[in-house]
Amino acid sequence: MCREMDARFLYPLESCKIIHLLRHGQALHNVEAEKDRNALLSPHLFDAPLTDHGHQQVEDLRERVVSSGLLKRVELVVTSPLFRTMQTAVGVFGNEYEQPSMTNSPPILALEVARDRNGVRPPDMRRSISEYQTLFPTIDFSQIESEEDNLWRPDVRESEEEILARGLEFMKWLWKRPEKEVAVVSHGIVLQHMLYVFANDCDESIRHELCKRFANCEIRTVVIVDKGLV
């Protein structure tokens, strides 16, 4: 006997977007935190960069992205404006040296809404936009209003409710974009909360698998649907 099927499992392509969610490669603060969580309070880990292993993770993922054809399909890359995420975004999807032969590299746009959990921990504080523009000349910073980091606070850590609201804000922004296939380079907890926005529409087993913690340089692909269009 056949099970009754849900007729809404089919959606027209124009009501869908493909989103590739990517956590940055291993960064210095990830290594130090495994030894001692209190290290995350160290000013020496300000805007922590990728480790050598993190760079290797990025190189390996770049090869996969190129060989699979994903690099040619992605129309836009959105990145958190922190050093480790931008290193990852440019390393995986970008054309760091502006080589003419790399015509398939999509534009990379930095957005504050995609950055890591704000406050207290120096690894999550960003540098000035002017400094980043020198370090990452191929990234578009035009959507960032403040030259200096006026979101990071030394005494208040952003709540999970605030991160969830940020995830919802980001997904609404993303849905209004014309691109149909987008990569998002961000941070573990932020990517999880982006997925939580849609988690209630999933079966519990799928929700658990979909929203589990991201590993460094893990890429996870989802399709989001605007049911209002179907």
Side-chain angles (χ1 to χ4, degrees), residues 19-43 45-51 53-54 57-58 61 77-89 91-92 109-127 143-144 149-175 182-202 204 206-222 224:
I19 312 297
H20 306 279
L21 301 171
L22 171 60
R23 185 187 176 198
H24 61 80
Q26 184 194 70
L28 185 59
H29 71 300
N30 297 138
V31 176
E32 295 303 317
E34 288 182 3
K35 303 173 188 174
D36 179 7
R37 294 291 293 178
N38 289 327
L40 293 173
L41 300 175
S42 170
L45 292 176
F46 164 71
D47 196 19
L50 296 181
T51 61
H53 179 60
Q57 289 176 319
V58 168
L61 183 57
V77 177
V78 179
T79 183
S80 153
L82 291 178
F83 198 51
R84 54 191 177 272
T85 38
M86 293 191 289
Q87 285 180 301
T88 302
V92 174
L109 179 66
L111 282 187
E112 294 273 38
V113 74
R115 65 184 287 175
D116 209 347
R117 189 175 191 172
N118 275 310
V120 179
R121 295 176 178 175
D124 304 331
M125 185 180 184
R126 72 163 170 83
R127 310 177 193 206
Q143 298 294 308
I144 298 182
D149 188 352
N150 59 9
L151 296 177
W152 188 90
R153 293 170 291 180
D155 56 344
V156 180
R157 188 81 169 144
E158 188 177 19
S159 69
E160 292 203 19
E161 290 77 13
E162 288 172 317
I163 301 173
L164 186 60
R166 193 147 54 90
L168 180 59
E169 177 188 352
F170 174 73
M171 286 301 183
K172 287 180 177 179
W173 175 88
L174 188 61
W175 188 256
V182 178
V184 179
V185 186
S186 187
H187 310 265
I189 190 170
V190 176
L191 292 171
Q192 280 182 295
H193 282 72
M194 288 179 184
L195 289 171
Y196 288 154
V197 172
F198 304 101
N200 289 334
D201 286 340
C202 300
E204 185 174 349
I206 296 175
R207 182 166 63 246
H208 175 76
E209 185 67 20
L210 188 65
C211 298
K212 68 182 181 181
R213 178 73 172 171
F214 278 72
N216 284 121
C217 227
E218 178 186 355
I219 191 167
R220 205 173 294 173
T221 301
V222 297
I224 59 175

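Residue indices begin at 1 and follow the sequence shown. These numbers come from a predicted model, not from an experiment.
Taking each heavy atom of N30 and G25 in turn, the nearest pair found is OD1-O, 4.1 Å. Looking at every heavy atom in both residues, A27 comes nearest to T51 through C-CG2, 3.6 Å. Between F83 and A48, the shortest heavy-atom contact is CB-O, 4.4 Å.
With hydrogens and angles ignored, the 3.5 Å screen pairs no side-chain donor or acceptor of R117 with any backbone N or O of R157. Judged by distance alone, with hydrogens and angles left aside, the side-chain atoms of Q57 form no donor-acceptor pair with the main-chain N or O of C217 at under 3.5 Å.
One finds the CE atom of M125 at 12.5 Å from the CZ atom of R153 (value rounded to the nearest 0.5 Å). Of the inter-residue distances, the one linking L191 atom CG with L22 atom CG reads 7.5 Å to the nearest 0.5 angstrom. Distance CZ/R213 to CD1/I189: 7.0 Å, rounded to 0.5 Å. Separating the CD1 atom in I163 from the OH atom in Y196 is a distance of 10.5 Å, to the nearest 0.5 Å. To the nearest 0.5 Å, the span separating NZ on K212 from CD on E218 amounts to 6.5 Å. The CD1 atom of I219 sits 11.0 Å away from atom OG1 of T88, with the distance rounded to the nearest 0.5 Å.
Contacts of R23 classified as salt bridge (charged side-chain N to carboxylate O under 4.0 Å, His left out), with partners at least two apart in sequence or in another chain: none. Looking at residues two or more places apart in sequence or on another chain, you find a ring pair (Phe, Tyr, Trp, His ring centres under 6.0 Å) between H187 and H24. Listed by chain and residue number, R84 satisfy the salt bridge (charged side-chain N to carboxylate O under 4.0 Å, His left out) test with D116 (two or more places apart in sequence, or in another chain). With sequence neighbours left out, the ring pair (Phe, Tyr, Trp, His ring centres under 6.0 Å) criterion links F170 to W173. With sequence neighbours left out, R127 forms a salt bridge (charged side-chain N to carboxylate O under 4.0 Å, His left out) with D47, E131. When the salt bridge (charged side-chain N to carboxylate O under 4.0 Å, His left out) test is applied to E158, the partners found at least two apart in sequence or on another chain are R166.
By the 4.5 Å heavy-atom criterion applied to side chains, V185 and V92 are not counted as neighbours. Annotation: side chain of L21 is not in contact with side chain of S186 (no heavy-atom distance under 4.5 Å). Counting heavy atoms from C-beta on, the side chains of P123 and L45 come closer than 4.5 Å. Residues Q143 and L109 form a side-chain contact, since some pair of their non-hydrogen atoms from C-beta on lies under 4.5 Å apart. The shortest distance between side-chain heavy atoms of V190 and S80 does not fall below 4.5 Å. Two residues are said to be in side-chain contact when any heavy atoms from C-beta on lie closer than 4.5 Å; V31 and Q26 meet this criterion. R126 has its side chain within reach of I144: a pair of non-hydrogen atoms, C-beta onward, lies under 4.5 Å apart.
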side-chain contact (heavy atoms from CB on, under 4.5 Å) assessment of L151 paired with R115: CA-CA 10 Å; L151 296 177; R115 65 184 287 175; 3.9 Å; yes

From CA spacing to verdict: side-chain contact (heavy atoms from CB on, under 4.5 Å), L41, V120: CA-CA 7 Å; L41 300 175; V120 179; 3.6 Å; yes

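The pair K35-E32 meets the salt-bridge criterion, since a charged nitrogen lies less than 4.0 angstrom from a carboxylate oxygen.
With V184 as the fixed residue, the side chain to side chain contact (heavy atoms under 4.5 Å, CB included) test singles out one of M171, M194, R220, H20: M194.
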